[in-house]
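In what follows, chains are A, B, ... by sequence order, proteins preceding strands, each numbered from 1. Please read these numbers as outputs of a predicted model, since none were measured by experiment.
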Number of protein chains: 2
Amino acid sequence: MARTIGSHSGKTGPRVRDAAMHLFAQRGFAAVSMRQIASEVGVQVGALYNYFPDKQTLLFELMRDHMLELLSAIHDKPETTPSSRLEVFVRFHITFHHKRPDAVFIAYMELRNLSPQNFEEIEALRRRYETVLEDILRAGLEANEFQVADTKITTLAIIAMLTGVSSWFRSKGRLSIADIKNQYWEMVQKSVCPKY
Amino acid sequence: MARTIGSHSGKTGPRVRDAAMHLFAQRGFAAVSMRQIASEVGVQVGALYNYFPDKQTLLFELMRDHMLELLSAIHDKPETTPSSRLEVFVRFHITFHHKRPDAVFIAYMELRNLSPQNFEEIEALRRRYETVLEDILRAGLEANEFQVADTKITTLAIIAMLTGVSSWFRSKGRLSIADIKNQYWEMVQKSVCPKY
DNA sequence: TAGTTAACTGAACACTTGTTCAAAACCAAG
DNA sequence: CTTGGTTTTGAACAAGTGTTCAGTTAACTA
């Protein structure tokens, strides 16, 4: 046997990426073998190498695509009030991450498995995202709408808190994702507001 | 050669654990081989098996010991005010985790590499720790000192935020760990306080 | 100092790892 | 229906995996 019926790179490529994403998220990059990915797709190992040069690049592309999606999905509107910009950010972050639990998990857990070069590229994208939030906090600070000791720290604190949601939230749970968004928005809002 | 000069289980055991902890934190459990650990200790692979039955148990013991240390170090004082209990908790969490970056990293990243049985045991310990915080929040709620929509969610949000510190804090940075603690305490305090 | 125990070596086990590539079989265009 | 290009197989590669254990030597005990 060689080429199989119905085989087409436009189909197999995405299926490989999906399978890799799922397996990496579930078991971790280092714990997943190329043969396991291939088997999930229903193909032999060798076939995978039509779609990327090596395992490292596969991981990198998954993470990069996720970060690019994230950056192109967030639309901050600097003309509105800092408070409403912050609310939009909080709700957006939870929504976006909730829809992609696997990608989120990988993006935060597999950084150390990137080559130094690839790591730098992903880190740069992450900093760009953090800057969106930090700009909002700075604007709120200047407008006396917020009171925060340090915008950089507050940025990291808020993002850590929001991202934590995807580590425990399950749709079957007691609360809906809408409840979660409301509660997190309230907490964030209070944590940055001036003490009367 | 066989037994080496100066060899003693009271020395080698801890050195093995230290080396494993460091390597697991840096590269991840699945990416570290027994031979790499042995080489770090300056010993042959076989010698490691004097100290644990297999790699899985080594990981488990590292995580379990960390959680037990955490639980025995936190001393909540229910007789004091909820607000001061919360402050003690926040400062304690940051201090404790800051002193053990490797153990923290492993405890939060390698859960999926535990066998189901070992996972359950670690999870139970983690829930016990979360309960300490949740009890404080509940007490504050009943005393009308705090205003939170859901103590469970707030617990997870606060812990995620606090634990995030160890993922970016470096002693060489702009801010001291004391600054960090003050700022986080202020954020947490505001996020749970009643709206004026 | 002799005998016992504890600690480690070194080699081996059977398997898995990422990656390569000629050959085979499919698909699409002329 | 043939030709040319695309996609996959199947086998192979060298290196690395966790784990075991008989044999050897250091440390301790009497």
Side-chain angles (χ1 to χ4, degrees), chain A residues 1-21 23-24 26-63 106 110 112-118, chain B residues 1-21 23-24 26-63 106 110 112-118:
Chain A
M1 300 167 237
R3 183 172 185 174
T4 53
I5 56 173
S7 62
H8 175 43
S9 70
K11 279 185 183 177
T12 312
R15 294 192 58 210
V16 170
R17 264 169 272 268
D18 288 354
M21 180 136 253
L23 287 170
F24 287 168
Q26 202 155 348
R27 306 182 202 169
F29 174 73
V32 174
S33 74
M34 298 300 269
R35 281 167 183 82
Q36 284 167 348
I37 299 172
S39 144
E40 186 83 4
V41 178
V43 101
Q44 296 298 316
V45 218
L48 300 183
Y49 289 84
N50 290 327
Y51 302 98
F52 38 80
D54 48 36
K55 198 187 177 191
Q56 163 71 211
T57 305
L58 169 56
L59 173 63
F60 169 67
E61 286 181 2
L62 290 177
M63 295 178 72
I106 293 172
E110 303 296 354
R112 62 184 166 189
N113 285 308
L114 290 171
S115 69
Q117 196 170 242
N118 288 339
Chain B
M1 301 166 233
R3 182 169 188 173
T4 53
I5 56 174
S7 62
H8 176 42
S9 71
K11 278 186 183 178
T12 311
R15 293 192 60 211
V16 169
R17 264 170 270 268
D18 288 354
M21 181 137 251
L23 286 170
F24 288 169
Q26 203 154 348
R27 304 181 203 170
F29 174 74
V32 173
S33 74
M34 298 301 269
R35 282 166 183 82
Q36 285 168 349
I37 298 172
S39 144
E40 186 83 5
V41 177
V43 101
Q44 297 296 317
V45 218
L48 300 183
Y49 289 83
N50 290 329
Y51 302 98
F52 37 82
D54 48 37
K55 197 187 177 191
Q56 163 70 211
T57 305
L58 169 56
L59 173 64
F60 169 67
E61 287 181 1
L62 290 177
M63 295 178 72
I106 293 172
E110 303 296 354
R112 62 184 165 187
N113 284 308
L114 290 171
S115 70
Q117 196 170 242
N118 288 339

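- The side chain to side chain donor-acceptor pair (under 3.5 Å) check on B:Arg112 picks up A:Glu110, with sequence neighbours excluded.
- Looking at residues two or more places apart in sequence or on another chain, you find no side chain to side chain donor-acceptor pair (under 3.5 Å) involving A:Ser9.
- In this structure, the side-chain contact (heavy atoms from CB on, under 4.5 Å) partners of A:Ala19, at least two apart in sequence or on a different chain, are A:Ile37, A:Glu40, A:Val41.
- Using a 4.0 Å cut-off on heavy atoms, the residues of residues 47-59 of chain A that approach DNA chain C are A:Tyr49, A:Asp54, A:Lys55, listed by number.
- Applying the side chain to side chain donor-acceptor pair (under 3.5 Å) rule to A:Thr57 yields the partners A:Asp54; only residues at least two apart in sequence or on another chain are considered.
- Listed by residue number, B:Arg35, B:Val43, B:Gln44 are the residues of residues 29-44 of chain B with a heavy-atom contact under 4.0 Å to DNA chain C.
- B:Ala30 meets the side-chain contact (heavy atoms from CB on, under 4.5 Å) test with A:Ala30, A:Ala31; sequence neighbours excluded.
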Please list, pair by pair, any protein nitrogen or oxygen found under 3.5 Å from a nitrogen or oxygen in nucleotides 26-30 of chain D.
residue	atom	partner	partner atom	Å
D:dA26	N3	B:Arg3	NH1	3.3
D:dA27	OP1	B:Gly6	N	2.4

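- Among residues two or more places apart in sequence or in another chain, the side-chain contact (heavy atoms from CB on, under 4.5 Å) test is passed with A:Thr4 by A:Ser7.
- Listed by chain and residue number, A:Arg35, A:Gln36 satisfy the side-chain contact (heavy atoms from CB on, under 4.5 Å) test with A:Ser33 (two or more places apart in sequence, or in another chain).
- Taking only side-chain nitrogens and oxygens, A:Ser9 comes nearer than 4.0 Å to OP1 or OP2 of D:dT7.
- Under the rule for a side chain to side chain donor-acceptor pair (under 3.5 Å), B:Thr12 has no partner lying at least two apart in sequence or in another chain.
- Under the ring pair (Phe, Tyr, Trp, His ring centres under 6.0 Å) criterion, the residue pairs touching residues 27-58 of chain B are B:Phe24-B:Phe29, with sequence neighbours excluded.
- The two residues A:Gln56 and A:Asn113 come nearest to each other via the heavy atoms NE2-O, 2.9 Å.
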